[in-house]
Amino acid sequence: MANEISILIVDDEESVRDSLYNWFIEDGYQVKCAEDAKKALHMLEKEKFHIILADIKMPGMDGLEMHRRIKAMHEDAIVIIMTAFAAVDTAVQALKDGAYDYVTKPFDPDDLSHMIRNASKQIQTAEENKVLKETITTLENVGDLVFESEAMTAVLKEVEKVAPTDSTVIITGESGTGKELIARAIHANSPRRYLPLVSVHCGALTESLLESELFGHEKGAFTGAMYNRKGKFEMADGGTIFLDEIATISTKMQVELLRVLETKKFTRVGGNKEILSDFRVVCATNKDLSSMVKEGNFREDLFYRLNVFNITIPPLRERTDDVPVLVDHFIDKYCSSMGRPRMKIENAAIKKLEEFEYPGNVRELENIIERAIVVGNGKEIRQKDLPGNKESNFSSVESISELEQKHIQQILDKYEWNISRSAKALELDRVTLYNKIKKYKLKKPKK
Amino acid sequence: MTTDSKSIILISNGIITPGYLQGVQEVVFQKFGLPVIIMENQGELAPFFDPYRKQYNANELLKDTARLAPANAYKTIGLYRVDLFIPILTYIFGQAILNGPTAVVSLHRLKNEFYGLKKDETLVLVRFKKVVLHELGHSFGLKHCHQYGCVMNSSTYVEELDQKSNDFCRQCLLILSSALKD
């Protein structure tokens with residue numbers, strides 16, 4: 001690290017400059033010297049130094065004034081003030097103005113080495129943080145969304161508009177359209193991006209579990225509550241909470257949720273201490289919430305509280321322009337995860353894929369491509385590797401739930417009813433899978 | 001006085017403890033593989049004394065060492081028993097110019113008795129050898145090494161000197177051999 005750190009020594013005494021120059025050069029730092037503040041500032045205009053070691057008392061401009069000017073030019077520069085014992089008060093003033101530290105001349109060699117080492121560590125940490133932040137932004141970026149259609153471009157424009165605000169967002173769209181990806185993109189482009197994005201799949205949890213999941217609980221709040229546990233609202237402090245399948249929450253939870261959204265205050269289950277959390281809400285649903293309000297199945301006040309900004313993701317069948325790029329993306333993804341060479345796809349197969357209805361949307365297309373890679377010849381995805389229309393999952397006559405039921409059954413059979421593996425393949429958690437098995441009354445075939 | 005062009009000159013400035021100069025000469029020869037010549041300087045050190053700091057100015061002593069060095073000396077190191085300082089630091093064990101022809105080293109702060117401990121002349125010699133090798137290393141272009149135990153590891157306390165060996169690590173040896181070939 002030392003050889004990447006640059007130090008500028010500013011002192012009007014030549015002997016001091018030379019001594020420090022020799023000292024730091026031996027330590028492997030990049031060192032330059034300036035005999036006064038004016039020259040130092042001139043050098044700083046041309047190149048960046050990580051650490052500036054400046055004498056407090058210099059003719060022309062003193063170290064304090066120079067420090068202020070350096071900070072105006074390079075906010076993150078580390079300035080260490082060198083002072084004679086008599087000028088400690090001034091050095092303290094420099095610290096108040098944001099100097100990193102001060103040293104009294106002459107220095108103990110060990111103090112000097114430690115100070116520079118600590119400053120170097122701070123620079124290294126700051127640079128690592130910068131890299132990490134960039135990595136996080138990349139991971140959570142809209143780059144994860146693959147599209148080419150005008151419809152999706154318009155959706156992304158909406159994301160761009162709403163992301164920097166603190167407004168609550170409802171994302172609506174059919175199952176499999178990528179609502180969670182949009183939620184991630186909103187979070188990744190918001191000022192809250194360096195704080196957590198906490199996802200809660202409301203549909204996967206029973207009312208009491210959801211309550212404990214959202215608000216947390218105190219030890220002994222209910223049987224099995226062995227420890228205090230933070231809720232998702234608490235975990236999302238400073239960040240964003242993503243409530244997926246919001247339409248599935250019970251009437252009681254709707255009331256609780258409304259109260260929390262209005263006050264940003266709540267208590268853990270079994271607790272009495274009020275907790276304040278600053279979170280932004282993004283929720284998603286595949287249901288028409290306004291119709292649910294009319295039917296009396298969703299609270300109107302909660303609906304208006306949530307429906308500040310609405311983003312609707314069009315179904316895949318309405319944006320067939322996206323099919324080829326999505327196909328490419330999934331071929332890359334699965335060939336790479338299966339350790340196979342990149343496969344091609346014949347034009348007829350692409351054409352066929354563009355004609356499908358996709359009730360399961362992008363998720364369904366993804367499954368088709370994964371299957372085609374598995375059953376195909378390893379070189380090219382052919383039309384015959386795609387499910388035929390008659391036996392396919394794509395009949396527009398079938399409802400989404402029928403398709404879902406069939407699909408879950410197929411996956412369960414494929415993995416011989418291994419719940420963990422099936423849940424992983426379906427990208428569901430195990431509890432949701434159990435709930436769906438119960439809901440569709442699916443049964444394990446007898447051997 | 002003239003010497004072979006590739007000799008290391010040790011200039012003793014009042015090092016009177018028997019065996020010290022020979023001990024240093026041997027280790028320098030062993031590590032650098034060059035002829036090592038000992039010279040005695042009878043000159044006064046008073047001009048280099050700073051009455052305010054009650055120490056000797058190592059920057060000035062470096063210049064004096066350069067002045068005393070034989071015309072064609074390869075590297076010259078001044079050996080002292082007085083307390084050295086440079087204006088910005090409270091003390092130094094030694095100083096060299098990186099890739100330069102001269103260095104200075106003092107055994108003043110290498111003595112146990114300086115720290116109120118029992119006299120141990122063997123230990124002083126061990127420390128003295130390490131500081132001489134370290135400063136000569138700088139004069140051959142070596143920077144401080146982060147390798148634990150390498151003689152080029154930076155030491156600001158005697159306790160740190162005692163932690164390291166008087167060997168150069170593999171990396172430093174590589175740089176040193178290349179410098180010695182030049």
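Source: prediction; values computed, not measured. Protein chains get the first letters and strands the later ones, always in sequence-line order, with residue 1 at the start of each.
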Should the heavy atoms of other residues, nucleotides or ligands under 6.0 Å from [atom1] of [X] be counted, would the total exceed 12?
| X | atom1 | result |
| --- | --- | --- |
| B:Phe29 | CZ | no |
| A:Lys424 | NZ | no |
| B:Lys111 | NZ | yes |
| A:His42 | NE2 | no |

Inter-residue atom distance [X].[atom1] - [Y].[atom2], 0.5 Å rounding:
| X | Y | atom1 | atom2 | result |
| --- | --- | --- | --- | --- |
| B:Ile97 | A:Tyr21 | CD1 | OH | 11.5 Å |
| B:Leu62 | A:Asn22 | CG | CG | 8.0 Å |
| B:Leu98 | A:Ile25 | CG | CD1 | 6.5 Å |
| B:Ile86 | A:Trp23 | CD1 | CH2 | 7.0 Å |
| B:Lys143 | A:Tyr29 | NZ | OH | 12.0 Å |

Checklist entry - Is the shortest heavy-atom distance from the side chain of A:Ser19 to the side chain of B:Asn59 under 4.5 Å? => result yes
Checklist entry - Please, which pairs that meet side chain to side chain donor-acceptor pair (under 3.5 Å) have at least one residue in residues 15-27 of chain B, sequence neighbours excluded? => result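 Sorted result for residues 15-27 of chain B: empty, none.
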Checklist entry - Which heavy atom of B:Thr90 sits nearest a heavy atom of A:Pro109, and at what distance? => result OG1-CD, 3.3 Å
Item to check | Partner residues of A:Lys38 under the side chain to side chain donor-acceptor pair (under 3.5 Å) criterion, sequence neighbours left out | outcome: none
Item to check | Heavy-atom contacts under 4.5 Å, residues 148-177 of chain B to chain A | outcome: B:Ser154, B:Thr156, B:Tyr157, B:Glu160
Item to check | Largest heavy-atom contact set with chain A, pairs under 4.5 Å, which of B:Cys145, B:Gly100, B:Pro87 | outcome: B:Pro87
Checklist outcome for this item: Quick note, salt bridge (Lys or Arg N to Asp or Glu O under 4.0 Å) partners involving residues 61-70 of chain B, not counting sequence neighbours, are B:Glu60-B:Lys63, B:Asp64-B:Arg67
